[in-house]
Amino acid sequence: MRLAVGDVDVAEYVTEPEVDPLNGPRPYLHPVRTLAGVPVTDVLPEDHQWHLGVSVAMQDVNGVNLWGGRTYVRDQGYTWLDDHGRIIHAQWLAQAADSFSERLLWLGPQDETLLTETRTVAARAVPLGWELSFSYELSTIQPVTLGSPATNGRPGGAGYGGFFWRATPGPTTTFTASRTGEDSVNGSDEPWVALTGPGPYTLVFRGLSDDDRWFVRTGAGGYNGLCAALAFEKTVTVTPDAPLSRNLTILVADGALTREQITA
């Protein structure tokens with residue numbers, strides 16, 4: 001599946017990835033590119049082989065690891081457990097050159113359905129480049145709790161999980177309207193956060209909801225990536241009467257945009 005803005009292919013969507021079961025198999029966008037063709041995503045990197053371009057995943061879904069890699073265990077640290085699940089594409093709901101909608105299943109180790117996801121992704125041209133709209137809703141027939149390494153005891157602002165973008169390697173900066181640098185941006189709930197990377201390119205993320213926080217890494221944390229984290233400090237519960245819905249928007253631009261350009 002490809003996404004196009006006009007006659008330019010800007011992203012490819014992998015629905016049936018060839019991914020080790022320990023790395024959290026799930027559909028993902030990669031490569032994602034600027035209109036000039038500069039790549040802005042990475043996949044299966046050596047440092048974190050479970051990072052898959054642009055995807056949605058959690059490390060703790062009722063105790064099931066759908067993120068991939070080792071599981072953070074309170075008072076033990078990261079530990080290999082037999083707790084890995086997978087997220088699968090189940091059905092297309094709509095398809096077009098610039099958008100698609102689908103239904104996905106979040107499955108546990110025995111292929112039991114934990115959550116059902118409805119996802120809509122679209123691309124459109126905007127004055128500074130192009131914009132990716134990424135919306136998803138998680139529903140369930142019984143309560144399901146979503147957690148992260150932070151909610152399981154890891155210190156240091158490691159509450160990742162949810163919509164995650166693994167960016168390309170290389171020198172990268174991050175900033176918001178009032179903050180600069182990973183230490184300041186990570187854990188914030190700013191209206192937007194920018195990443196600038198080699199190319200150069202700029203990504204601008206918007207769309208936090210409720211108690212979500214931005215989880216950010218820019219080289220100093222070992223890699224470049226950003227997550228609209230669902231459980232940065234406390235768990236979130238999805239119930240039959242209260243599905244979880246999120247709507248993210250990401251500007252993908254050529255060049256290193258300034259704070260003033262983005263704010264304007």
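Worth saying up front: this structure is predicted, and the values here are computed from it rather than measured.
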Should [X] and [Y] count as side-chain neighbours, where that means a heavy-atom distance under 4.5 Å?
X: Ser55; Y: Leu29; value: no
X: Val121; Y: Arg119; value: yes
X: Phe175; Y: Ile262; value: yes
X: His51; Y: Asp42; value: no
X: Phe163; Y: Asp212; value: no
X: Leu138; Y: Trp106; value: yes
X: Val252; Y: Leu203; value: yes
X: Arg246; Y: Leu230; value: yes

Q: Could I get the full list of side-chain contact (heavy atoms from CB on, under 4.5 Å) partners for Leu81, not counting sequence neighbours?
A: Thr71, Val73, Thr79, Asp83
Can you label the angle between the [X] ring and the [Y] ring as parallel, tilted or perpendicular, going by 30° and 60°?
X: Phe232; Y: Phe215; result: tilted
X: His48; Y: Trp50; result: perpendicular
X: Tyr78; Y: Tyr72; result: perpendicular

Tell me whether [Y] is reachable from [X] by hopping between hydrophobic residues (I, L, V, M, F, W, Y) whose side-chain heavy atoms are closer than 4.5 Å.
X: Phe100; Y: Tyr136; result: yes
X: Val56; Y: Val193; result: yes
X: Val32; Y: Val5; result: yes
X: Val126; Y: Leu248; result: no
X: Leu66; Y: Leu22; result: no

Say whether, by atom type as modelled, one donor and one acceptor occur between the side chain of [X] and the main chain of [Y] under 3.5 angstrom.
X: Asn247; Y: Ser135; answer: no
X: Glu182; Y: Thr218; answer: yes
X: Arg74; Y: Thr151; answer: yes
X: Arg213; Y: Leu208; answer: no
X: Glu260; Y: Thr258; answer: no
X: Glu233; Y: Ala150; answer: no
X: Asn186; Y: Gly157; answer: yes
X: Arg86; Y: His84; answer: no
X: Asn224; Y: Thr172; answer: no
X: Thr196; Y: Thr202; answer: no

Is the closest side-chain donor-acceptor distance between [X] and [Y] under 3.5 Å?
X: Ser139; Y: Thr116; answer: no
X: Tyr201; Y: Thr168; answer: yes
X: Ser178; Y: Glu190; answer: yes

Once you round to the nearest 0.5 Å, how far does [atom1] of [X] lie from [atom2] of [Y]?
X: Leu115; Y: Leu104; atom1: CG; atom2: CG; answer: 11.0 Å
X: Arg259; Y: Thr180; atom1: CZ; atom2: OG1; answer: 4.0 Å
X: Met1; Y: Thr15; atom1: CE; atom2: OG1; answer: 10.0 Å
X: Thr113; Y: Ile141; atom1: OG1; atom2: CD1; answer: 8.0 Å
X: Met58; Y: Leu146; atom1: CE; atom2: CG; answer: 5.0 Å
X: Gln95; Y: Tyr13; atom1: CD; atom2: OH; answer: 11.0 Å

Q. Which residue, Thr235, Asn152, Thr145, forms the side-chain hydrogen bond (donor to acceptor under 3.5 Å, both in side chains) with Asp60?
A. Asn152
Q.
Please determine whether side chain to side chain contact (heavy atoms under 4.5 Å, CB included) holds for the pair Arg217 and Tyr160, giving the CA-CA distance in whole Å, both sets of side-chain angles, and the decisive distance to 0.1 Å.
A. CA-CA 11 Å; Arg217 291 290 185 263; Tyr160 56 81; over 6 Å; no
Q: Let me see the working for Leu93 and Arg103 under side chain to side chain contact (heavy atoms under 4.5 Å, CB included), right down to the final yes or no.
A: CA-CA 7 Å; Leu93 302 177; Arg103 182 171 291 112; 3.7 Å; yes
Of all the heavy-atom pairs spanning [X] and [Y], show the shortest one and how long it is.
X: Thr41; Y: Gly53; result: CB-CA, 4.2 Å
X: Ala123; Y: Ala4; result: CB-O, 4.4 Å
X: Ala256; Y: Pro200; result: N-CG, 3.9 Å
X: Arg2; Y: Asp9; result: CD-OD2, 3.7 Å
X: Pro243; Y: Pro240; result: CD-O, 4.3 Å
X: Val19; Y: Asn23; result: CG1-CB, 3.6 Å

Q.
Quick one, Glu12 with Arg33, criterion side chain to side chain contact (heavy atoms under 4.5 Å, CB included). Give me CA distance, side-chain angles, the key distance, then yes/no.
A. CA-CA 9 Å; Glu12 297 176 20; Arg33 297 175 287 265; 4.0 Å; yes
Q) So with a 6.0 Å cut-off around CD of Gln91, is the heavy-atom count from everything else above 12? A) yes
Q. Does atom CG of Asp111 have more than 12 heavy-atom neighbours, drawn from other residues, nucleotides or ligands, at distances under 6.0 Å?
A. yes
Q. Considering the options Phe164, Trp192, Trp165, Phe134, which one meets the ring pair (Phe, Tyr, Trp, His ring centres under 6.0 Å) requirement together with Phe205?
A. Trp165
